[in-house]
Amino acid sequence: MKKQNEKRWMMAIVVVCMAVLVNSCGLDGYEMEKPFTTCPTERGLVAYTTNEKGQDVILFSDKDIVWFDVDTRELRLKETEGEPIYKRLNPFHPIEFRTNNNKVVLEVSSFVGAWDSRVFDNLVLIYGKVNDDGTIDKHYYLCDCYPQQLASDERVKANIQKNAAQWKAFVDYLQIQGKILMK
């Protein structure tokens, strides 16, 4: 009888340990629940950011880019199933566009919403532009600064020059992929 009780306790402990282990392997709040439309090895250009733990998180790949307008700097993305891309973007976390060999093509200082009180003198990814009627268009833009009124500032101009080679590499890559919007 004593041995049966010991076995039951051991089994209960094993079951609890397995339940804790299985539960801890689940998705945390920073990982995607839905897969992207492409396999990671098939991606040529990938946009990464970091989560609160400092781990790389994939935001989207070039397969998710519909087109890029060089004039307006609008980046049209396919929305993935489940959580929209803008909800995975963290303020104050840089975004890097990298190639398959992990070479950084373009560095973006931060994500900015359409209504933001912060000031950035370097490249930002903006979600939403306020239209004349006060509505927000819910598109993505890669801009040299935020707010746009700072474009003539000396620091912004210096960063534009500093980023020129990265911009060229980014646009050239999208041009090769046929992702530049032709007007």
Side-chain angles (χ1 to χ4, degrees), residues 20-69 72-129 136-147 159 162-163 165-181:
V20 169
L21 182 64
V22 168
N23 189 34
S24 67
C25 290
L27 295 174
D28 63 20
Y30 307 111
E31 296 180 77
M32 300 179 323
E33 291 184 22
K34 301 274 183 187
F36 280 93
T37 57
T38 56
C39 173
T41 57
E42 295 174 1
R43 295 183 181 132
L45 185 69
V46 180
Y48 290 91
T49 190
T50 54
N51 60 22
E52 278 69 21
K53 297 176 185 175
Q55 302 163 323
D56 280 349
V57 176
I58 296 174
L59 295 172
F60 55 88
S61 77
D62 61 352
K63 306 293 188 251
D64 301 305
I65 297 173
V66 178
W67 48 257
F68 178 69
D69 186 336
T72 64
R73 301 250 181 116
E74 181 180 351
L75 182 66
R76 182 62 56 99
L77 300 170
K78 294 179 206 170
E79 284 296 340
T80 57
E81 292 181 24
E83 186 177 43
I85 291 170
Y86 74 88
K87 289 196 175 185
R88 286 183 261 139
L89 294 163
N90 292 317
F92 306 111
H93 290 253
I95 300 165
E96 290 183 342
F97 289 86
R98 300 184 211 153
T99 59
N100 274 348
N101 61 2
N102 225 20
K103 178 185 175 205
V104 174
V105 176
L106 187 65
E107 293 177 86
V108 178
S109 63
S110 186
F111 160 68
V112 179
W115 297 99
D116 205 309
S117 61
R118 298 170 293 154
V119 172
F120 293 93
D121 62 7
N122 207 345
L123 191 61
V124 291
L125 178 65
I126 300 173
Y127 177 68
K129 186 164 73 173
I136 297 174
D137 69 6
K138 298 182 181 179
H139 298 161
Y140 298 92
Y141 298 89
L142 285 167
C143 297
D144 292 315
C145 61
Y146 184 85
N159 285 330
K162 182 186 83 174
N163 298 333
Q166 287 186 354
W167 262 115
K168 181 172 177 7
F170 179 73
V171 171
D172 287 351
Y173 180 86
L174 293 178
Q175 180 77 41
I176 291 167
Q177 300 301 315
K179 305 266 183 176
I180 298 295
L181 182 64

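Hydrogens, waters and symmetry mates are skipped; everything else that's a heavy atom, side chains included, is used.
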How far does [atom1] of [X] sit from [atom2] of [Y], to the nearest 0.5 angstrom?
X	Y	atom1	atom2	result
L181	D69	CG	CG	5.0 Å
K103	T99	NZ	OG1	6.5 Å
K78	I65	NZ	CD1	10.0 Å
K129	T72	NZ	OG1	6.5 Å
R76	Y140	CZ	OH	10.5 Å
D64	L77	CG	CG	7.5 Å

Run the side chain to side chain donor-acceptor pair (under 3.5 Å) test against [X] and tell me which residues pass, sequence neighbours left out.
X	answer
Q175	none
Q166	E107
Y127	none

Quiz prompt | Contacts of type ring-ring contact (aromatic ring centres under 6.0 Å, His included), residue F97, not counting sequence neighbours | solution =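 Partners of F97 by the ring-ring contact (aromatic ring centres under 6.0 Å, His included) criterion, ordered by chain and then number, come out as F60, F170.
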
To check you understand the geometry: which heavy-atom pair defines the closest contact between [X] and [Y], and what is its length?
X	Y	value
S109	V124	OG-CG1, 3.6 Å
R118	S110	NH1-OG, 4.0 Å
L123	L142	CD1-C, 4.3 Å
L125	V108	N-CG1, 3.4 Å

Would you mind reporting whether [Y] and [X] have side-chain heavy atoms less than 4.5 Å apart?
X	Y	answer
K179	F68	no
D116	I126	no
W167	R73	yes
L106	Y173	no

Under the side chain to side chain contact (heavy atoms under 4.5 Å, CB included) rule, collect the residues that match up with [X], sequence neighbours excluded.
X	result
T49	V57, L59, H93, I95
D121	R155, V156, N159
D56	Y48, T50, R98

Self-check item: Modelled atom types, side-chain donor and acceptor of N163 and N122, under 3.5 Å
Solution: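 Yes.
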
Exercise. Report the residues that fulfil salt bridge (charged side-chain N to carboxylate O under 4.0 Å, His left out) with K168, sequence neighbours left out, ordered by chain and then residue number.
Key: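 Result, salt bridge (charged side-chain N to carboxylate O under 4.0 Å, His left out) vs K168: D172.
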
